[in-house]
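Notes follow once the structure below has been shown.
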Amino acid sequence: MATPSETAPILKVEHLSMKFGGLVAIGDLSFEARRGDITALIGPNGAGKTTVFNCITGFYKPSEGMITLTGRAGRTFLLERMPDHEITARAKVARTFQNIRLFSGMTLLENLLVAQHNKLMRASGFTVLGLFGIGNYPQASAESIDLAKFWLEKTELIERADDPAGDLPYGAQRRLEIARAMCTGPELLCLDEPAAGLNPRESAALNELLIDIKTNMSTSILLIEHDMSVVMQISDHVVVLEYGRKISDGTPTTVKNDPRVIAAYLGVDDEEVTEVLTAVGDEQVIEELDTGPDPAHGPAASSSMMAGPVSETMEHADRGETVKVSPGASRADLVAPIMKVPAEHRGKVAAAAKKTSQKQPATRTKAARPVKDAAPAKATEAAAPATLSNALTQPRGGKPDELTRIKGIGPVNQRRLNANGIFHFDQIAAWTPADVKAAEAYLAFDGRIAREDWIGQAKKLATEGGRG
């Protein structure tokens with residue numbers, strides 16, 4: 001009988017958002033990757049796929065949301081709170097990159113041994129004992145070499161084990177990167193466009209390798225890929241992004257036939273639909289969103305505890321500048337209703353959609369006043385009916401506690417709690433199960449208050465008498 005940890009999804013992404021200054025690269029993204037599956041993350045250029053990977057593997061700290069990994073032993077890791085090196089060492093997440101990052105001057109065997117440096121350093125006692133073959137180091141070294149040779153054989157590179165990695169053909173370097181990642185013993189393998197630049201024969205070989213890893217190594221795979229021959233043949237589950245939002249989520253067959261995906265990514269033949277898509281102004285929006293982090297305006301390290309969706313309009317911290325991506329920029333949103341209309345009426349619908357999109361272009365404007373704390377209408381609507389037994393009309397003494405000191409409460413949640421009459425640690429400490437349920441209704445997530453023990457944290461802070 002399967003244990004709860006074996007049936008639980010290996011990766012759960014909840015309300016993930018990532019902002020670079022005023023740009024929303026990822027907005028309120030939620031999806032799950034099932035254990036033992038190959039989950040593909042696809043979408044047009046600039047959709048935010050690599051940004052999602054960077055958040056999962058610790059290169060970026062999300063502006064909002066939670067990323068939970070459940071290991072085989074049942075232990076859970078909140079990845080957004082962990083340093084990147086611990087995500088690999090403790091949570092057992094490994095990744096490859098769009099651009100090959102091998103040690104080109106080192107041999108293939110040495111590249112795979114470098115991936116096992118944690119095990120070798122522990123065996124040496126983190127000293128020079130390994131140089132003299134003292135203790136467990138000789139055994140650990142032999143095991144590391146055996147593991148490296150195993151993966152060189154798996155990737156059909158064993159005959160070139162002593163060649164410099166930089167001398168390999170491009171496709172072989174891709175396979176070596178995957179072998180190096182597997183030498184870390186990952187439970188979740190994240191591959192960023194592994195088939196990029198491969199010819200059809202190499203793509204077929206890659207498919208066989210990934211299926212072998214899934215089947216025989218019990219390793220779950222999350223991959224970003226543009227090669228649909230790879231995605232549709234080997235994926236168990238596909239998530240589609242457009243402009244940082246999820247537009248489809250399901251099996252390869254379901255996603256392939258989704259009109260929104262056809263419009264946003266896979267292409268369409270209908271000339272009337274094409275006319276609507278080209279009128280939206282995609283080039284401008286992609287240029288604004290497809291960007292790296294801005295050190296001067298990037299998210300603070302502590303902002304990963306925020307939760308909930310972000311607005312479409314965000315403010316630059318120091319310039320009062322607003323960046324807005326119009327809803328009309330989404331080809332998926334435009335085409336979905338058109339594809340449901342009988343063919344003989346599509347022309348009129350397409351013309352109307354085109355006219356609407358021209359009225360709502362993607363814009364970059366100077367705000368007359370800074371736009372602060374913008375939140376989606378649905379969040380406001382959800383907050384209204386929620387009631388709490390110990391809500392106050394205003395903070396005692398006119399000064400609220402700094403609720404963000406509770407792990408899991410960020411500025412967004414603090415504002416929502418304050419708006420519903422919760423200002424102090426002792427109020428949260430006194431919540432009943434009914435209060436927790438009411439709070440979760442307008443904070444837009446289930447189970448997180450108990451999982452992060454907000455009540456326990458609040459009791460401790462209330463006892464300390466900590467005021468913000």
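Throughout, numbering of the chain's residues begins at 1 and tracks the sequence.
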Practice prompt. Could I get the full list of side-chain hydrogen bond (donor to acceptor under 3.5 Å, both in side chains) partners for R34, not counting sequence neighbours?
Written response: D37
Fill in: Partner set under side-chain hydrogen bond (donor to acceptor under 3.5 Å, both in side chains) for K92, not counting sequence neighbours
none
Item to complete: Evaluate side-chain hydrogen bond (donor to acceptor under 3.5 Å, both in side chains) for N207 paired with Q233, printing each intermediate quantity in order.
Response: CA-CA 8 Å; N207 287 357; Q233 288 179 28; 3.2 Å; yes
Practice prompt. Could you check L11, I10, I38, V93 and say which one makes a side-chain contact (heavy atoms from CB on, under 4.5 Å) with L222?
Written response: L11
Practice prompt. Show your reasoning for whether side-chain hydrogen bond (donor to acceptor under 3.5 Å, both in side chains) applies to D28 and S17.
Written response: CA-CA 5 Å; D28 197 24; S17 296; 5.4 Å; no
Worksheet, complete the sentence: Heavy-atom nearest pair, F423 first then L392, reads CE1-O, 3.6 Å
Practice prompt. Identify the two heavy atoms, one from Q414 and one from I409, that lie closest to each other, and give their separation to 0.1 Å.
Written response: N-CG2, 3.9 Å
Worksheet entry | Test side-chain hydrogen bond (donor to acceptor under 3.5 Å, both in side chains) applied to R95 and N54, step by step | CA-CA 10 Å; R95 73 168 293 180; N54 286 339; 2.7 Å; yes
Worksheet entry | Over-ring placement of R101 relative to F97, 6.0 Å and 45° cut-offs | yes
Worksheet entry | Ring centre gap for F53 and Y60 strictly below 6.0 Å | no
Worksheet item: Which pair of heavy atoms, one from N418 and one from I422, lies closest together, and at what distance?
Response: ND2-O, 2.8 Å
Item to complete: Locate the shortest heavy-atom distance separating I42 from E225; write the atom from each residue and the value.
Response: CG2-O, 3.5 Å
Worksheet item: Who pairs with D192 by side-chain hydrogen bond (donor to acceptor under 3.5 Å, both in side chains), at least two apart in sequence or on another chain?
Response: T50
